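Basis for what follows: all heavy atoms, side chains included, without hydrogens, waters or symmetry-related copies. Quick caveat, the model's predicted, so the values are computed rather than measured.
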Amino acid sequence: MAAADTTGSGRQVHLRTCPLCEAMCGLEIHVRDEQVELIRADRDDVWSKGHLCPKGTTLGHLHHDPDRLRTPMLRQPDGTFRAATWDEAFARCGELLLPVIAEHGIEAVTAYVGNPLAHAFSLSRYIGILIGMSGIPMIYSPGTVDQWPKNVSSHLMYGAMWSIPVPDVRRTDLLVAMGANPHASQGSLLACPDLMGEIDAIQERGGEVIVIDPRRTGTADRAGEWLPITPGTDAALLLAVVHVLFADDLVDLGTVSELIEGVEKLRDLVEEWTPERVAATTGITAERTRRLAHQLAETERGVLYGRIGLCNQEFGTLASWLVDVVNILTRHFDVPGGLMFPRPAAWPLTVLPMPGLENGAPNFGRWRSRVRGAPEVLGHVPASCLAEEIATPGAGQIRALFTVAGNPVLATPGGDRLDEALDGLACMISVDNWINETTRHADVILPGMSALEQAHHDDLIWQFAVGSGAKYSAPIFPPTDGRPHEWEILIRLAGLCLGQPMREVDVAAIDDGFFDVLADVHGLDGPTLRAGYDEGGPERLLDLTLRTGPFGDRYGEHPDGINLDKVKAAPHGIDLGPNVSRLVEVLQTPDKKVVLTPDYIVADIPRLASRLDRPADDLVLISRRHLRSNNSWMHNVAVLVKGKDRCTLLIHPDDAQRFGLNDGDHAKVSSEAGALVVPIEVTDAIKRGVVSLPHGWGHDKAGTQMAVANEHPGVNTNVLSPGGFVDVLSGNAAVNGIPVSVSPG
Ligand SMILES: Nc1nc2c(c(=O)[nH]1)N[C@H]1C(S)=C(S)[C@@H](COP(=O)(O)OP(=O)(O)OC[C@H]3O[C@@H](n4cnc5c(=O)[nH]c(N)nc54)[C@H](O)[C@@H]3O)O[C@H]1N2
Ligand SMILES: Nc1nc2c(c(=O)[nH]1)N[C@H]1C(S)=C(S)[C@@H](COP(=O)(O)OP(=O)(O)OC[C@H]3O[C@@H](n4cnc5c(=O)[nH]c(N)nc54)[C@H](O)[C@@H]3O)O[C@H]1N2
Ligand code: SF4
Ligand SMILES: [Mo]
């Protein structure tokens with residue numbers, strides 16, 4: 001609730017949850033005369049208790065950013081944009097899209113839906129309508145440059161691709177973090193405010209924190225130990241850990257033993273994976289690997305956590321699967337202090353099974369991408385396929401594209417090729433708030449509102465949280481001049497795909513129908529329930545999902561349960577407690593057991609074995625994040641980008657020397673995919689033979705309208721990412737471990 005207190009100075013103080021990352025920090029937003037004057041932490045927020053980061057303090061900058069679009073934009077024949085009315089923009093969408101569909105069918109249309117969607121109040125709840133109702137056969141997303149391997153392992157092990165167990169960091173005494181840097185990211189597939197504080201707390205209570213990462217990150221610096229690993233070899237390390245668990249008789253399934261299937265098969269699979277066999281490849285000694293297995297097995301409350309460094313790599317699915325396997329074998333699964341399945345108060349749509357993928361069916365490769373022949377996995381092919389699907393003529397060519405809160409030109413491998421291909425589209429419509437590297441190609445840009453003009457309650461993110469809770473934020477600023485909300489825009493685009501003029505789409509009827517479908521999931525009658533609401537939209541869906549969720553009042557059946565009114569009446573949020581053991585209700589596999597050794601995954605072990613025989617790469621590139629960035633889209637905030645250039649290549653002193661480079665020099669970095677020139681930063685905080693670049697930079701393209709970002713352009717690391725370098729099982733991009741060479745630039 002916007003607790004519109006005044007401080008006696010004419011300033012109003014609004015309480016609000018930051019929508020920028022998984023930490024979901026509670027903020028106090030001080031506003032005077034329609035201007036945000038100050039943002040600081042809400043110390044009474046039941047969830048974040050006073051935590052925040054520099055990004056959260058810039059929501060006012062984002063709101064007031066003169067470059068943020070407030071009206072639709074139409075691209076003119078000379079390539080420049082002009083502001084338009086909503087009616088004009090909707091009409092233009094129809095003029096461009098309907099002929100494409102008439103001539104080539106809906107198969108010629110696709111969408112790319114980006115990351116902010118997962119955090120946005122109306123986009124997250126309504127993207128399902130665009131995807132489900134429009135008839136668009138398939139969509140692209142950064143899921144395949146992010147967590148697709150984890151979706152694959154959860155789908156096959158638990159029967160539900162979004163049932164991803166998260167480390168219970170607040171109650172553990174040993175945290176082993178692989179391929180994650182919460183110091184920058186603030187946590188991923190792990191929603192917990194102040195993770196660095198939790199890392200300190202583990203060590204203060206006598207516990208241990210170990211970071212396994214090719215780079216000595218801010219997280220590694222705060223941990224007790226840093227184990228520098230060769231990029232892409234985590235699965236080999238973890239197979240050796242599993243080997244030791246069996247060989248040294250350390251396997252103990254603990255409370256979940258009745259629910260695990262395949263332990264003996266696993267024992268056979270790891271027979272030959274001794275620590276000695278993998279040590280040269282991983283760069284971690286056999287002795288340390290053995291001790292790691294013992295530490296995990298012998299600590300009462302311990303947990304192994306893996307994140308994007310384990311997904312965005314050549315063996316992403318094997319590594320992601322093995323993280324869960326190790327926790328299961330060391331009884332750190334579905335228990336406090338181990339990996340646990342969160343219980344969101346408002347259930348997100350992602351808990352519903354996808355058609356054809358019910359019960360963990362290993363139903364992959366149902367179709368292949370037209371040009372590259374990439375097999376579909378969980379409905380996705382690599383995001384890097386999009387460029388060639390647009391550029392390659394023939395039946396099935398993509399001729400119309402929607403982008404919704406995405407910047408694939410910078411975010412996806414081969415984005416430079418996509419950049420070239422986009423102008424060949426007959427129709428490109430972007431639902432986006434800025435004219436950036438991707439949207440500059442759009443024919444029509446339909447802007448959403450700023451975060452401060454909308455209500456907020458996280459949807460998907462609570463599914464990764466270390467506890468349950470509910471926090472509602474009211475809009476702070478009224479939306480200007482009757483602008484449509486993004487959820488309405490999505491519904492109108494879906495209607496347009498069905499041939500209806502956008503302006504005439506019956507948004508309310510479609511919204512009602514959507515509500516009824518979701519009510520039916522819980523056996524409730526939608527029309528009856530709807531009679532109790534004044535209006536539709538995301539708040540009505542939020543109320544429904546809260547009331548039918550695990551803590552809900554079920555429309556009066558459980559009077560003590562929660563509903564949206566109760567959440568609104570608690571301005572600092574409602575704390576619904578830490579995670580609880582709930583594996584039994586999570587499992588959706590056919591026999592309601594955990595499939596410990598999915599055939600699809602273990603069939604990839606020979607590919608990993610051949611990796612052991614491959615000569616070591618001379619130099620490989622990995623990615624990194626910075627606390628003051630958010631993928632590609634917050635570089636227009638002056639207070640975040642000021643100071644020293646952050647788009648630099650980190651390189652070990654020994655490597656710098658052998659390539660004749662000094663700190664601050666420019667280096668040319670080349671890979672099989674492309675080349676770029678970037679300043680270097682010589683540091684011993686990276687393993688020899690590894691260099692690192694941040695992603696999301698490269699803001700020097702003509703025609704973008706992001707004045708601050710244009711002055712701090714940096715370079716686009718994904719120019720170096722070969723589109724075909726993927727984790728074979730998931731199709732996820734391997735943007736870590738790319739062989740590169742460097743020379744003075
Ligand atoms: N400030 C900020 N926060 C963000 C974002 C942002 O851009 N900026 N992005 C958000 C998004 S979309 C996501 S998905 C999350 C990601 O959150 P995290 O998973 O924490 O991501 P990173 O900070 O990139 O940390 C990944 C780490 O993996 C390491 N790594 C690379 N390759 C390997 C490997 O082969 N093995 C191992 N063991 N480690 C490897 C890298 O060196 C890096 O330290 O962050 C979110 N939060
Ligand atoms: N090399 C390399 N590449 C990577 C990664 C990596 O680690 N290394 N990480 C990958 C990961 S994890 C991710 S998630 C992707 C991100 O990939 P994307 O989601 O494609 O990229 P973002 O930079 O998040 O772009 C967000 C877009 O949303 C717009 N936007 C922001 N707020 C709103 C809003 O409220 N409404 C609307 N409609 N639009 C909005 C912005 O203007 C921008 O165009 O990048 C991936 N790319
Ligand atoms: S850590 Fe920063 S970006 Fe993330 S929710 Fe908190 S304030 Fe927002
Ligand atoms: Mo991401």
Which value, rounded to the nearest 0.5 Å, describes the distance between [X] atom [atom1] and [Y] atom [atom2]?
X      : Y      : atom1 : atom2 : result
Met428 : Leu425 : CE    : CG    : 7.0 Å
Glu22  : Gln186 : CD    : CD    : 11.0 Å
Thr233 : Leu239 : OG1   : CG    : 11.5 Å

Mark yes or no for whether [X], through its side chain, and [Y], through its backbone, hold a donor-acceptor pair below 3.5 Å.
X      : Y      : result
Arg68  : Leu62  : yes
Lys687 : Ile229 : no
Thr392 : Glu389 : no
Arg440 : Ala702 : yes
Thr217 : Ala220 : yes

Handout entry: Working for side-chain contact (heavy atoms from CB on, under 4.5 Å), residues Ile429 and Asp443
Key = CA-CA 6 Å; Ile429 300 170; Asp443 297 295; 5.9 Å; no

Please assess Asp618 against Arg658 for the test side-chain contact (heavy atoms from CB on, under 4.5 Å), listing each intermediate value before the final yes or no.
CA-CA 11 Å; Asp618 185 48; Arg658 76 188 164 106; 2.8 Å; yes

Carboxylate-amine/guanidinium proximity below 4.0 Å for [X] and [Y]:
X      : Y      : result
Asp423 : Arg75  : yes
Arg288 : Glu225 : yes
Arg688 : Asp655 : no

Exactly one candidate in Leu720, Leu676, Val719 meets side-chain contact (heavy atoms from CB on, under 4.5 Å) with Asp416; the answer is Val719

| message | Pair Ile39, Leu59 - check side-chain contact (heavy atoms from CB on, under 4.5 Å), show working. | response | CA-CA 8 Å; Ile39 297 185; Leu59 290 177; 3.8 Å; yes

message = Taking the ring centre of each residue, are His699 and His635 less than 6.0 Å apart?
response = yes

Should Trp148 and Pro382 count as side-chain neighbours, where that means a heavy-atom distance under 4.5 Å? no

- [ ] Apply the test side-chain contact (heavy atoms from CB on, under 4.5 Å) to residues Ile605 and Leu318: give CA-CA distance (whole Å), side-chain angles for both, the deciding distance (0.1 Å), then the verdict.
- [x] CA-CA 8 Å; Ile605 294 179; Leu318 279 177; 3.9 Å; yes

